[in-house]
Amino acid sequence: MSEPLVLSSDSESVRTLRLNRPASLNSFNAALHEQLLKALDEAAEEPGVRCVVLTGAGRAFCAGQDLTEASVAPATSPGAKRPELGELTDRLYKPLVQRLRSMPVPTVAAVNGVAAGAGTNIALNCDLVIAAHSASFIQGFGKIGLIPDSGGTWLLPRLVGRARALGLAMLGDKLPAVDAERIGLIWRCVADDELPAQTLALAQKLASLPIKALVSTRRCIDAAQLVDVDEALDSETSTQRILGQGHDYAEGVAAFKDRRTPHFTDR
Ligand code: T3D
């Protein structure tokens with residue numbers, strides 16, 4: 001039997017999903033898409049999972065679309081069949097991004113090496129991005145005549161502002177992880193040998209927090225980018241109304257009053 005393209009492992013309530021096509025730098029083919037989506041669905045359904053980490057096997061995080069796949073092969077002569085990239089994006093990348101952004105638990109991308117094209121934007125769609133010092137981020141789409149997809153056009157200006165978004169997207173240069181942290185593209189850059197331990201510590205911390213509140217924070221922060229301040233205030237009000245009636249709020253306040261560590265269980 002062939003090796004799985006996504007390796008799944010659990011450490012307490014943290015589930016790690018590792019992209020596993022190292023010979024092609026974990027680039028996405030249809031099978032990897034299918035297995036990753038399934039693994040994310042399973043993590044979302046599993047009550048014991050309170051945080052999901054996405055990382056890569058080998059020296060890369062993910063090099064984006066597998067450019068050797070027949071479905072994306074450019075037409076080489078006037079009469080040849082043209083690739084239907086819109087169909088591919090709609091059928092594979094869009095559901096993957098939507099799945100990541102709607103996960104019922106926090107998500108962490110642990111970028112262990114180069115992330116390029118859709119590989120970068122899949123990482124940036126996770127709630128927190130932690131990267132090894134030797135890792136790098138490349139939009140790269142422009143270099144093959146495409147625009148940033150997988151949410152890149154939406155994410156980049158929100159993360160780093162229009163000027164840097166256009167610089168990254170148009171030039172497609174390699175951005176070292178340390179610079180990605182400096183300009184606010186990612187949460188943190190750490191020493192290479194510290195990435196596994198720091199990722200687990202970060203994920204375990206998230207897993208110990210009130211999951212419903214974290215996921216609501218993601219939703220409200222994203223929604224607030226699209227509306228005026230009054231609508232954002234209304235959204236905060238309705239969300240706070242729901243969270244205030246939950247177990248985790250009661251536990252958090254009780255723990256504060258008792259001067260003890262809270263034990264959150266909602267998700
Ligand atoms: O097109 C559509 O379907 C629409 C959707 C688009 C989404 C996208 O993601 S578009 C962007 C696609 N990705 C890229 O353009 C990145 C292409 N790769 C690179 O630029 C470089 O490989 C890297 C900068 C990522 C890393 O460079 P380097 O020098 O460290 O490694 P390398 O030697 O280039 O690659 C190592 C191997 O991985 C090599 O195979 P080999 O020669 O050892 O057998 C290389 O061909 C393979 N590889 C790297 N990226 C891809 C890939 N194979 C297939 N697809 C890839 N994207």
Side-chain angles (χ1 to χ4, degrees), residues 2-3 5-7 17-37 40 54-76 80-101 109-126 129 131-157 159 165-180 185-186 189 192 195:
S2 54
E3 221 189 324
L5 301 182
V6 176
L7 304 175
L17 302 178
R18 191 178 299 274
L19 308 179
N20 188 34
R21 295 188 75 221
S24 59
L25 306 189
N26 303 317
S27 56
F28 275 105
N29 61 7
L32 177 56
H33 269 289
E34 187 186 330
Q35 291 186 32
L36 181 57
L37 201 57
L40 288 167
L54 187 61
T55 191
R59 70 177 177 89
F61 175 75
C62 173
Q65 170 63 36
D66 183 335
L67 296 174
T68 68
E69 251 198 335
S71 60
V72 301
T76 49
K81 187 170 181 283
R82 290 163 187 258
E84 235 307 348
L85 298 190
E87 189 275 332
L88 184 96
T89 305
D90 197 48
R91 180 167 51 84
L92 297 177
Y93 288 98
K94 185 176 166 187
L96 176 57
V97 171
Q98 289 174 327
R99 172 69 282 186
L100 271 175
R101 301 191 69 84
V111 180
N112 51 302
V114 65
T120 286
N121 293 338
I122 294 299
L124 298 180
N125 275 293
C126 293
V129 183
H133 193 269
S134 64
S136 54
F137 297 83
I138 306 172
Q139 281 299 317
F141 299 87
K143 290 190 172 165
I144 56 169
L146 301 176
I147 60 157
D149 65 16
S150 304
T153 58
W154 188 88
L155 275 170
L156 289 172
L159 289 170
L166 286 172
L168 291 171
M170 288 184 167
L171 300 173
D173 289 339
K174 182 182 279 197
L175 184 73
V178 67
D179 292 327
L185 188 73
I186 65 169
C189 166
D192 284 16
L195 183 67

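What's counted below: heavy atoms across the whole structure, side chains too, no hydrogens, waters or symmetry copies. Counting starts at 1 for both ligands and their atoms, in listed order.
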- request: Check whether any side-chain N or O of T120 sits under 3.5 Å from a backbone N or O of I138 as a donor-acceptor pair, and report yes or no.
  value: yes

- prompt: What atoms of ligand 1 come within less than 4.0 Å of a heavy atom belonging to G64?
  reply: 9 (O)

- request: Number the atoms of ligand 1 from 1 as they appear, then name those within less than 4.0 Å of a heavy atom of Q65, with their elements.
  value: 1 (O), 2 (C), 3 (O), 6 (C), 7 (C), 8 (C), 9 (O), 12 (C), 55 (N), 56 (C), 57 (N)

- prompt: Does A23 come within less than 4.0 Å of ligand 1, judged by its heavy atoms?
  reply: yes

task: State whether the side chain of E69 and the backbone N or O of A30 hold a donor-acceptor pair below 3.5 Å, judged by distance alone.
output: yes

query: Given the protein's heavy atoms, is any one of them under 4.0 Å from atom 31 (O) of ligand 1?
result: yes

field: Numbering as shown, the atoms of ligand 1 that approach L88 to under 4.0 Å (heavy-atom distance)
entry: 2 (C), 3 (O)

message: Could you check whether any side-chain heavy atom of V111 comes within less than 4.5 Å of a side-chain heavy atom of I186, counting everything from C-beta outward?
response: no

message: Evaluate A63 for polar contact with ligand 1, using N/O atom pairs at a separation under 3.5 Å.
response: yes

message: I'd like to know whether ligand 1 has R59 as a neighbour, heavy-atom separation below 4.0 Å.
response: yes

- request: May I have the step-by-step check of side-chain contact (heavy atoms from CB on, under 4.5 Å) for K94 and T89, ending in yes or no?
  value: CA-CA 6 Å; K94 185 176 166 187; T89 305; 5.6 Å; no

message: Please tell me if atom 44 (O) of ligand 1 is touched by the protein, where touching means a protein heavy-atom distance below 4.0 Å.
response: no

- prompt: Does the protein put a heavy atom less than 4.0 Å from atom 8 (C) of ligand 1?
  reply: yes

query: What's the spacing between E34 CD and L92 CG if we round to 0.5 Å?
result: 9.5 Å

query: Which is it for F28 and ligand 1 at heavy atoms under 4.0 Å: side chain, backbone, both or neither?
result: neither

message: With the threshold set strictly below 4.0 angstrom, can you tell me whether any protein non-hydrogen atom sits that near atom 41 (P) of ligand 1?
response: no

query: Looking at ligand 1, does any of its N/O atoms fall within less than 3.5 Å of an N/O of T68?
result: no

message: If I apply the N/O under 3.5 Å rule, does A118 come out as touching ligand 1?
response: yes

- prompt: Can you tell which part of L67 has a heavy atom less than 4.0 Å from ligand 1: side chain, backbone, both or neither?
  reply: both

- prompt: Below 4.5 Å, heavy atoms only, C-beta onward: do L5 and L19 meet side chain to side chain?
  reply: no

message: Nearest 0.5 angstrom please: N112 CG to F61 CZ, how far?
response: 7.5 Å

- request: Starting from atom 6 (C) of ligand 1, locate the nearest protein heavy atom and write down its residue, its atom name and how far away it is, to 0.1 Å.
  value: D149 OD2, 3.4 Å

query: Just to confirm, does any protein heavy atom lie below 4.0 Å from atom 18 (N) of ligand 1?
result: no

message: Tell me whether T55 contacts the main-chain N or O of A110 through its side chain, where contact means a donor paired with an acceptor under 3.5 Å.
response: yes

message: Closer than 4.0 Å to some heavy atom of I144 - which atoms of ligand 1 meet that?
response: 10 (S), 11 (C)

query: Could you give the distance from OG (S27) to CG (L32), rounded to the nearest 0.5 Å?
result: 8.0 Å

field: Nearest neighbour in protein (non-hydrogen) for atom 49 (C) of ligand 1
entry: L25 CD1, 3.8 Å

Identified side-chain contact (heavy atoms from CB on, under 4.5 Å) partner of L100 from the options L36, L124, L40, L37: L40

message: Under a 4.0 angstrom heavy-atom cut-off, which atoms of ligand 1 come close to I138?
response: 24 (C)

Sub-4.0 Å protein heavy atom next to atom 1 (O) of ligand 1: yes

query: Counting only heavy atoms on the protein side, is anything nearer than 4.0 Å to atom 34 (O) of ligand 1?
result: no

task: Look only at the side chain of D66 and the backbone of F28, and say whether a donor-acceptor pair between them is shorter than 3.5 Å.
output: no

query: Does L88 reach the side chain of S71, with side-chain heavy atoms less than 4.5 Å apart?
result: yes

Backbone N/O of A75 and side chain of R82: donor-acceptor pair under 3.5 Å: no

field: Protein heavy atom at shortest distance from atom 48 (N) of ligand 1
entry: S24 O, 4.0 Å

- prompt: Given Q65, which of N29, V72, D149 fulfils the side-chain contact (heavy atoms from CB on, under 4.5 Å) condition?
  reply: V72

task: Any atoms of ligand 1 less than 4.0 Å from a non-hydrogen atom of D66? List them with their elements.
output: 54 (C), 55 (N)

query: How does V72 reach ligand 1, by side chain, by backbone, by both or by neither, if only non-hydrogen atoms under 4.0 Å count?
result: side chain

task: For the pair N125 (side chain) and R101 (backbone), establish whether a donor and an acceptor sit closer than 3.5 Å, ignoring hydrogens and angles.
output: no

- prompt: For atom 26 (C) of ligand 1, is the nearest protein heavy atom under 4.0 Å away?
  reply: yes

query: Which atoms of ligand 1 are found less than 4.0 Å from any heavy atom of G117?
result: 9 (O), 11 (C)

